[in-house]
Amino acid sequence: MDHFELKNGVLHAEDVPLTAIAEAVGTPVYVYSRATLTRHARVFRDALAKLPRIHIAFAVKSNPNLAVLKLLAQEGYGADVVSEGEMNRALAAGIAAGDIVFSGVGKTRGELASAVRAGIGQFNLESEEEGVELAEIAAAQGRRATCALRVNPNVDARTHAKISTGKSENKFGVPYDRAAAIYARLAALPGLEMRGLAVHIGSQIGDLEPSREAFVKMGELMRELRGQGLAVTHMDLGGGLGVPYKAGEQLPTPDDYGALVAEVAKDWDATLMFEPGRVITGNSGVLVTEVVRVKQGAVHPWVVVDAAMNDLARPAMYDAWHDFAAVRPSGERMVANIVGPICESSDTFAMAREIDAVKPGDLAVFRTAGAYGATMANTYNSRALVPEVMVDGSRWAVVAERIDPATILAAERVPDFLERP
Ligand code: LLP
């Protein structure tokens, strides 16, 4: 459920007509609904409420906007970060260092050192090599880094190949068969406190069976480690729960997910950790765009909008579907291809799609754009970096300014050897 609805024929974010935001800020612009974010944060937490000990770390990568992080901090969320940049955002939003999990397959020495210094709550180690390096870094600072070992369970999450992470051909984690030996070796290093295991098999998961399979395997590994006298007090089950992108699409709910975890983990006696991203932010945002032109096509008309693949990369990268709707729908429909202005054919949002009829100058939205939207934006074709707005009832505020091409140009230099040949 979200708070983007038609009121008096105009699409609103909560009580604010999107026309008002577009007029004031220009397009394209991302618009987030505070009420939707809050609702999703609570629904997810409530779905896990029956579990005895939990820690929820919001996957910052899905939407790292400072205002979004602040809201989630106020809802009691920790953060799952994958870079020093994300770590600093989470800290800036007021999330306690101890509530931050540092994930990621390529944490640099510099990042590890900063994170140890900041007192990050848990490092999810992706390899033995990383563990050895972190142990040295922590020991040099006179500290012990608290860690979980990320394990690759070799389970197919049955999602898009580019966002699947739990198969042995994916770069993530240590192989399941070697995990016990690696855990034991790392647990012996004085700079580390090994306390748990971590798993994350993929994103936009629409079928919970692979998750069940992975979690069961992790439970067995935990028992094996404990059997060897090793401490395993924490189990990080990652993120990945999918969201509906098409109206009417049915996906497992947070309650279904919570029930699965409760069943699989019933005798684990461990603190369960979660790293949800998309399920919190996905349906909390839309990308507002203006129709530039409607161009005749060989079969269907081309609706050229002023948003492009640089603003919302998901369709180009993962063939992702985002519902498209007019901000002032006339009731008429058309079949069209929806494209952005960028000079490559991957800048396509939809082909032969039945949509609200639109004409040049009309406003429209791409829905479910709150996760992996603005955060993946870039400035390809020397376009601006897209701005972000948050709505709260009848109030709204710009939470990320548009960074225009002139600002980016101003950071570039022509070297002397070109100025004076
Ligand atoms: N934890 C780890 C270790 C992850 O790698 C990810 C996502 C998450 C948690 C959060 O997953 P979520 O709950 O959001 O599914 N750009 C792609 C998605 C990439 C996901 C990367 N990892 C997209 O737009 O679909």
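Please read these numbers as outputs of a predicted model, since none were measured by experiment. Whatever order the structure lists ligands and atoms in, that order sets their numbers, starting from 1.
- Using cut-offs of 30° and 60° for the angle between ring planes, the His160 and Tyr318 rings count as perpendicular.
- Protein neighbours of ligand 1 below 4.0 Å, counting non-hydrogen atoms: Ala59, Lys61, Asp80, Arg150, Ile163, His200, Ser203, Gln204, Gly239, Gly240, Glu275, Pro276, Gly277, Arg278, Arg314, Tyr318, Tyr372, Met376.
- At least one donor-acceptor pair closer than 3.5 Å links the side chain of Lys162 to the backbone N or O of Met317.
- Ring to ring, His12 and Phe4 are not that close: their centroids are 6.0 angstrom or more apart.
- To the nearest 0.5 Å, atom CD1 of residue Ile120 and atom CG of residue Leu112 are 11.0 Å apart.
- Centroid-to-centroid, the aromatic rings of Phe349 and Phe324 stay 6.0 Å apart or farther.
- Remark: Arg395 CZ is loosely packed, at most 12 non-hydrogen atoms of other residues, nucleotides or ligands lying under 6.0 Å away.
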